[in-house]
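Just so we're on the same page: letters track the sequence lines, and every chain starts at 1. All figures in this text were calculated on a predicted structure; none of them were measured in a lab. The analysis underlying the following values was restricted to heavy atoms, covering all of them including side chains, and did not include hydrogens, waters or symmetry mates.
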There are 2 protein chains.
Amino acid sequence: MNEGHLSGEGRIVSQANATSLNKTRRQRVELKEEAIVETARRLFNEKGFGKTTISGIAKGCGVADGTVYLYFKNKEALAQAVLEAFYRDLKETAQDGVDALDSTEEQLRFLAEHHLTKVNQERRILELLPIIGVSLDNYKDSKLFTLNKSYARVFDRVAKSGVKSGVIKRDLAPWVLRDVFYGGLDYASRTMMMHERTDNFSAVVDGLMAMMLVPKSAANSALEDVAERFDKIAERIEKSIG
Amino acid sequence: MNEGHLSGEGRIVSQANATSLNKTRRQRVELKEEAIVETARRLFNEKGFGKTTISGIAKGCGVADGTVYLYFKNKEALAQAVLEAFYRDLKETAQDGVDALDSTEEQLRFLAEHHLTKVNQERRILELLPIIGVSLDNYKDSKLFTLNKSYARVFDRVAKSGVKSGVIKRDLAPWVLRDVFYGGLDYASRTMMMHERTDNFSAVVDGLMAMMLVPKSAANSALEDVAERFDKIAERIEKSIG
DNA sequence: AGAAAAAATGAATGAGGGTCATTTATCAGG
DNA sequence: CCTGATAAATGACCCTCATTCATTTTTTCT
């Protein structure tokens, strides 16, 4: 550990009051906690929950096995912390990206690509969710649930504004839209992973767009035009024969 | 074990040739194998992979711990067998249901409801998939991959015929349709589980239908009307010429 | 019946999660 | 700078469970 130069910081603070003193100690503690979570995140993502050992995590960030248990009740609690970190990051980068764009379609495309990228990057982190007991009855007031909801809200805001501006079909419930959107992406990413073809992300996104967005009236009116023409042709034929 | 009355069967067979002898032995063996898989399926589904013990499974079907390892290389192989059984059943019941229906829309609705029912019933079985190493490079020639594909084909056939008959939008790639369909269902079932509201399955299915099917719009029926008229005209022309 | 083959057993092994008595580091007051 | 008090860290130890294997039981064939 690099406590050496931190002790200097500590000595300065020792002249201050008890509060700021506690603060620096807490800061050090939080630094170590982050290190543990970060290492766990890396290892869980490399080998999955089952094949990752506490020993491995402890070694990975230079602490003793027992130390991990000072910070997290057990392996599952650590996995939960990892998931929370993942979701926090996911939500934040998603919101930032959306804020930098204007049109609903651009925003949806960004969200799709962003989700696929992140989820592929840390595929095995998401797999922790079922492992750490989804069946938890206290899930609804867990940090995880809150984070999950706040990530969902990023999409919901985009969808809402899209419906209001008439870009998105209005007969679809927003939560259904969201489930289909993210569900379709997750599933597609999984099947594409299995077939080792990550190239046609865009086909899925295009498909989703086609299903969600109101068709550009051009295409639609073109059909109507054709119908009209056929109508006239039919009349002519009927006359010439009749 | 109820080997007592089976020994009688065995004595009869002992008068037959070596082939049928092997067969009955294999039958007994397969019966036990099925019993192990069935117990494992139940326990995995109740407690998940991590919290299910080999001892528990062995006790659950009245064999010794070691016996399980005569049938399956290890816990993961057993989990894989469970998954295979699950997919086989899923595919078969799906196909049967589809065969009993006529219209594309009915078939799609059936597939959706069927999938949701089965997946909810054995939620934790599906969670085995990521646990037993998706990253397997030999996945593409595994039984699991084949079964997965054959389940997907049930949907694909319905979708194909739906596209051909004009009920399903034709500008969507079939595999995209499938990913969005099943992905949306899985995701929705998960979120509904979390919110403990399994009542609005139908909202999701309705949403999916609305997104996949060609809207029965004025424009569309206009086209169909014209097509019908052309049909009749063609008939008349053919008659008057022939 | 009785030898050979097949199947089943469960005690033993070892890996890894989790605990806790002990050690080490930090800090405030003199 | 020293000292007792408190916080943090350690790693040996215990326990559960997957997996192995020498031994026992059952089945088959002559």
Side-chain angles (χ1 to χ4, degrees), chain A residues 1-33 35-36 40 43 47 49-59 61-79 131-132, chain B residues 1-33 35-36 40 43 47 49-59 61-79 131-132:
Chain A
M1 287 291 94
N2 48 3
E3 306 285 298
H5 67 79
L6 278 176
S7 71
E9 198 185 334
R11 204 173 296 149
I12 291 167
V13 180
S14 73
Q15 297 174 334
N17 62 31
T19 309
S20 72
L21 171 103
N22 283 339
K23 211 169 181 184
T24 33
R25 198 188 279 199
R26 185 181 297 173
Q27 279 174 345
R28 250 175 299 160
V29 163
E30 279 178 4
L31 219 59
K32 189 161 284 186
E33 179 171 323
I36 293 173
L43 291 181
K47 328 204 257 183
F49 183 82
K51 302 244 163 90
T52 300
T53 66
I54 294 288
S55 274
I57 296 169
K59 273 197 194 68
C61 57
V63 301
D65 292 14
T67 305
V68 174
Y69 290 92
L70 296 177
Y71 290 84
F72 301 96
K73 195 171 129 279
N74 52 31
K75 203 180 170 186
E76 286 195 6
L78 176 50
I131 291 170
I132 64 167
Chain B
M1 289 289 92
N2 49 4
E3 304 286 296
H5 66 79
L6 277 179
S7 70
E9 197 184 335
R11 205 171 299 151
I12 291 166
V13 179
S14 73
Q15 297 175 332
N17 63 32
T19 310
S20 72
L21 172 106
N22 283 340
K23 213 168 182 185
T24 34
R25 195 188 282 201
R26 185 181 297 171
Q27 280 173 346
R28 249 175 301 160
V29 163
E30 278 178 4
L31 218 61
K32 189 161 282 185
E33 180 171 322
I36 293 173
L43 292 180
K47 328 202 258 184
F49 183 82
K51 302 243 164 88
T52 300
T53 66
I54 294 289
S55 269
I57 295 170
K59 274 197 194 68
C61 55
V63 302
D65 292 15
T67 305
V68 174
Y69 288 89
L70 297 177
Y71 292 84
F72 301 96
K73 194 170 129 280
N74 52 33
K75 203 181 171 187
E76 286 195 7
L78 177 51
I131 291 170
I132 64 167

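- Scored by the salt bridge (Lys or Arg N to Asp or Glu O under 4.0 Å) test, A:Lys51 finds B:Glu76 as partners (sequence neighbours excluded).
- Look at CG on B:Leu31: it is 11 Å from P on C:dA8, rounded to the nearest Å.
- Counting to the nearest Å, the P atom of D:dT26 and the NZ atom of B:Lys32 are 11 Å from each other.
- Taking only side-chain atoms of A:Val29, from C-beta outward, the nucleotide of D:dA18, C:dG18, D:dA8 with the closest atom is D:dA8.
- One can place NZ of A:Lys75 at 16 Å from P of C:dA15, the figure rounded to the nearest angstrom.
- DNA chain C lies under 4.0 Å from at least one heavy atom of each of the following residues of residues 64-74 of chain B: B:Ala64, B:Gly66, B:Thr67, B:Leu70, B:Tyr71.
- Atom CD1 in B:Ile131 sits 8.5 Å away from atom NZ in B:Lys75 (nearest 0.5 Å).
- One can place CG of A:Leu78 at 13 Å from C1' of C:dG18, the figure rounded to the nearest angstrom.
- Residues B:Ala35 and B:Cys61 come closest through the heavy atom pair O-CB, 4.1 Å.
- A sub-4.0 Å separation between OP1 or OP2 of C:dC27 and a side-chain N or O of A:Arg28 is present.
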- Item | Stepwise side chain to side chain contact (heavy atoms under 4.5 Å, CB included) test for B:Leu78 and B:Ile57 | CA-CA 10 Å; B:Leu78 177 51; B:Ile57 295 170; 3.8 Å; yes
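- Between the CD1 atom of A:Ile36 and the CD atom of A:Glu33 there is a distance of 7.5 Å, given to the nearest 0.5 Å.
- C:dA8 atom P lies 18 Å from atom NZ of B:Lys59, rounded to whole Å.
- Side-chain atoms of B:Thr52 come within 3.5 Å of backbone N or O of B:Leu43 as a donor-acceptor pair.
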Show me, pair by pair, the donor-acceptor contacts under 3.5 angstrom made by side chains of residues 65-73 of chain A, not counting sequence neighbours?
from: A:Asp65; atom 1: OD2; to: A:Ser55; atom 2: OG; distance (Å): 2.8
from: A:Thr67; atom 1: OG1; to: A:Ala64; atom 2: O; distance (Å): 3.4

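- Between B:Lys51 and D:dC17 there is no side-chain N or O to OP1 or OP2 distance below 4.0 Å.
- A:Glu76 places its CD atom 15 Å from the C1' atom of C:dG16, with the value rounded to the nearest Å.
- If you take CD of B:Glu30 and C1' of C:dA7, they are 15 Å apart, rounded to a whole angstrom.
- The CD1-P distance, from A:Ile57 to C:dG16, rounds to 12 Å in whole Å.
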